[in-house]
Amino acid sequence: MAKMDVQGKEITFITRSTADYISLTDIAKYRNNDAPADVVKNWMRNRSTLDFLGLWEKLNNPDFKLVEFDQFRAEAGANYFVMSPQKWIVTTHAVGLISKSGNNGGTFAHQDIAFEFASWISPEFKLY
């Protein structure tokens, strides 16, 4: 597990195979240090976010479950719709996100996805 500094925030990343997975939890602390998991969940409720995640998985994951994705996409944005990283991973067999519990836990995302999340948090933060 490695760390980098972005505008005074420590961001953790891990390497899986040949790709870096960056901590969305650490990035979310830029907006809400007390409840970063809520920031990630709110991002995942958006239809445009699910469209991006779904496309990324279609391009990079032959085991991605399209039927389950379509159900989530149809509900995205509704007041009752709730999405968590673990629900996304388990239901769709997604590989672009990693959810870890406990010490050094949190939500990690492939760098493509993490940069998209960082843009949603703050374009300035992403560029740094």
Q: Enter the distance from Leu53:CG to Ile89:CD1 here, rounded to the nearest 0.5 Å.
A: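 Spacing of CG (Leu53) from CD1 (Ile89) equals 10.0 Å.
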**Q.** Rounded distance [0.5 Å steps], OG in Ser84 versus CZ in Arg45
**A.**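 Output value for this atom pair is 12.5 Å.
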Who passes side chain to side chain donor-acceptor pair (under 3.5 Å) against [X], sequence neighbours left out?
X      : result
Ser17  : none
Gln111 : none
Arg73  : Asp51
Asn61  : Glu57

Mind listing the closest non-hydrogen atom pair of [X] and [Y] along with its distance?
X      : Y     : result
Pro36  : Ala28 : O-CB, 3.5 Å
Lys65  : Thr91 : CD-O, 3.5 Å
Ala109 : Leu97 : CB-CD2, 3.5 Å
Ala74  : Arg47 : O-NH2, 3.5 Å

Looking at [Y], is its backbone amide N or carbonyl O close enough to the side chain of [X] to form a donor-acceptor pair, meaning the two atoms are under 3.5 Å apart?
X      : Y      : answer
Thr92  : Glu68  : no
Arg16  : Ile98  : no
Arg31  : Ile121 : yes
Ser122 : Ala118 : no

Side chains of residues 37-44: which donor-acceptor pairs under 3.5 Å do they make with residues two or more places apart or in other chains?
residue	atom	partner	partner atom	Å
Asn42	ND2	Asp38	O	3.3
Trp43	NE1	Thr49	OG1	3.2

Q | Full working for side chain to side chain contact (heavy atoms under 4.5 Å, CB included) between Leu24 and Phe108 | A | CA-CA 5 Å; Leu24 298 187; Phe108 292 79; over 6 Å; no
Q: If a pair satisfies ring-ring contact (aromatic ring centres under 6.0 Å, His included) and one of its residues is in residues 59-84, list it, with sequence neighbours excluded.
A: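 Listed by first then second residue: Phe64-Phe69, Phe64-Trp88.
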Q: Could you please spell out the steps behind the side chain to side chain contact (heavy atoms under 4.5 Å, CB included) verdict for Ile11 and Ile27?
A: CA-CA 7 Å; Ile11 308 296; Ile27 294 170; 4.1 Å; yes
Q: Flag yes if Leu66 and Leu50 sit in one hydrophobic cluster, no otherwise; membership is Ile, Leu, Val, Met, Phe, Trp, Tyr, and two members link when side-chain heavy atoms are under 4.5 Å apart.
A: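 Yes, it is one cluster - the side chains of Leu66 and Leu50 are joined through contacts under 4.5 Å.
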(Q) Can you classify the ring geometry of His110 versus Tyr21 as parallel (below 30°), tilted (30 to 60°) or perpendicular (above 60°)? (A)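 Geometry flag for Tyr21 against His110: perpendicular rings.
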